[in-house]
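Quick note: residue numbers are just sequence positions, from 1. For the numbers below, each heavy atom of this structure counts, side chains included, while hydrogens, waters and symmetry mates do not.
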Amino acid sequence: MRTVRADGTPVYRWDQRPGVPPVRVVPLDPDCEGEHLPPDNRHAHDFWVLAYVERGGAVGLDGKQVELRDGEVHAAAPGEVVAAESVADLTHARAWSVAFTPDAIPSLASISPLTWSHHPLLALFATEARHAVVPEAERPRWQAWLTELDDELRHPERLGSHDTVTAILTRLLVASARLAPSAPIAPDPLVSRVFDEIERTYATKVSAGDLARTLGYTPGHLTTVVRQRTGRTLLDWLTERRLTEARRLLRETDLPLSVISTRTGLTDPGYLVRRFKARYGTTPDRWRREA
């Protein structure tokens, strides 16, 4: 658990493991093992979830019984409250839940995470309804993709498993994006201003407090608002942008950590190592070797 919001809603973070793609697929059905089910309480998370309903049924959502239809695909963006009270009691339904962070896909790992929410691959997450229906003719393909993804994740030792996981996740996101309405919801003006300012200044030694004051807010107030609207704090987003750039420099250059820490606003190599290890579960040097 990353944190608890003021209203008591817990926010869960991604459990990053070195050398393992940040993707997890869970089949949801009456026979599903309870330890793999999502929490039954109202919660939010800092990762992305795509859920596909293979066979419809009833599920408890926010105090109501909701009928899930065959072929529905649902998208839950980071920070969005998921209010499932009885996922463990799915009635006659079978679904798949795919949790991931976009940096599992190389084309998204190489760009700013501040732009992910409006990237074409994640179009379904940017719609107001955040769900669509897969045409009946395409449903066997979805089922095959998810079955294969589940199998590959269970056997990470296979040659090319990481690349296969990335390829299948990309196909799922492309297919879901093609189902999204052509008119996405408008971005939040304040969040856009915050992200623009982070993009402009992250490489300097600017702090979260400096960002807030530049935008005309107190640090406490802006941090609270950003957390309410995105599920993450102002400092989280600033650090995430810096670490994304650090990963790019580690992957694409031979620069020493002292230079990388300077170019990303992370003060010094020791601080870079601590933040990197806390976020990715490994050191920058080890990540560079594996990448």
Side-chain angles (χ1 to χ4, degrees), residues 1-17 20-53 57-68 72-91 93-104 113 116-117 122 124-132 146 149-150 153 169 172-173 176 185 188 191 223-237 239-240 278-281:
M1 187 166 63
R2 175 186 289 276
T3 187
V4 178
R5 293 181 181 174
D7 64 359
T9 302
V11 179
Y12 296 98
R13 65 177 298 167
W14 185 267
D15 181 20
Q16 184 73 37
R17 299 177 185 178
V20 178
V23 184
R24 185 178 185 185
V25 59
V26 177
L28 303 174
D29 60 41
D31 299 321
C32 183
E33 297 178 18
E35 62 179 300
H36 298 305
L37 291 170
D40 281 347
N41 57 294
R42 288 175 59 87
H43 66 277
H45 37 70
D46 71 354
F47 46 90
W48 307 65
V49 176
L50 193 68
Y52 172 67
V53 181
V59 64
L61 293 173
D62 209 9
K64 299 177 292 186
Q65 281 293 107
V66 176
E67 287 292 329
L68 301 177
E72 284 185 339
V73 57
H74 295 259
E80 183 178 347
V81 174
V82 180
E85 291 101 16
S86 59
V87 174
D89 299 322
L90 283 167
T91 306
R94 178 173 173 81
W96 299 82
S97 173
V98 182
F100 65 97
T101 61
D103 54 5
W116 284 347
S117 60
L122 301 167
L124 189 61
F125 294 86
T127 63
E128 192 160 3
R130 289 199 172 91
H131 75 270
L146 289 159
L149 180 60
D150 184 34
L153 288 169
L169 178 60
L172 285 167
L173 292 178
S176 65
I185 57 175
D188 185 299
V191 173
T223 287
T224 298
V225 171
V226 170
R227 182 173 58 228
Q228 288 173 342
R229 299 185 187 183
T230 69
R232 305 179 71 172
T233 68
L234 186 58
L235 180 59
D236 283 341
W237 283 115
T239 303
E240 185 75 12
R279 176 66 177 84
Y280 304 115

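- With sequence neighbours excluded, no residue satisfies side-chain hydrogen bond (donor to acceptor under 3.5 Å, both in side chains) with T224.
- Between L153 and R24, the closest heavy-atom pair is CD1-CA, 4.0 Å.
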task = Show your working on side-chain contact (heavy atoms from CB on, under 4.5 Å) between L68 and H74 and close with a plain yes or no.
result = CA-CA 10 Å; L68 301 177; H74 295 259; 4.3 Å; yes

task = May I have the step-by-step check of side-chain contact (heavy atoms from CB on, under 4.5 Å) for L122 and L173, ending in yes or no?
result = CA-CA 7 Å; L122 301 167; L173 292 178; 4.2 Å; yes

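- Here the side chain of R130 pairs a donor or acceptor atom with the backbone of F125 at under 3.5 angstrom.
- Applying the side chain to side chain contact (heavy atoms under 4.5 Å, CB included) rule to D150 yields the partners V25, P27, W96, R154; only residues at least two apart in sequence or on another chain are considered.
- Residues satisfying the salt bridge (Lys or Arg N to Asp or Glu O under 4.0 Å) criterion with E72, sequence neighbours excluded, are R69.
- Shown here for R279 and R13, the closest heavy-atom pair between the two residues is CA-NH2, 4.2 Å.
- Taking both residues in full, the closest heavy atoms of V11 and D46 are given as CG1-N, 4.5 Å, listed atom of the first, atom of the second, then distance.
- The shortest side-chain heavy-atom distance between L172 and L146 falls under the 4.5 Å cut-off.
- Partners of V49 according to the side chain to side chain contact (heavy atoms under 4.5 Å, CB included) rule, which considers only residues two or more places apart in sequence or in another chain, are H45, F47, A76, S97, A99.
- From L234, atom CG reaches atom CZ of R232 across 12.0 Å, with rounding to the nearest 0.5 Å.
- Heavy atoms only, all atoms of each residue included: V191 and R229 are closest at CG2-CB, 4.1 Å.
- Closest approach of E80 to A75, counting heavy atoms only: OE1-O, 4.0 Å.
- Using the six-membered ring where Trp is involved, H43 and Y12 have ring planes that are perpendicular, over 60° apart on the 30 and 60° scheme.
- Scanning for side-chain hydrogen bond (donor to acceptor under 3.5 Å, both in side chains) contacts around T233 gives D236, with sequence neighbours left out.
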task = Decide yes or no on side-chain contact (heavy atoms from CB on, under 4.5 Å) for L235 and T223, but give the supporting numbers first.
result = CA-CA 8 Å; L235 180 59; T223 287; over 6 Å; no

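- For W237, the ring pair (Phe, Tyr, Trp, His ring centres under 6.0 Å) partners two or more places apart in sequence, or in a different chain, are F195.
- Between W48 and S117, the shortest heavy-atom distance links the atoms CH2-CA, 3.8 Å.
- Not counting sequence neighbours, the partners of P22 by the side chain to side chain contact (heavy atoms under 4.5 Å, CB included) test are W14, Q16, T101, D103, A104.
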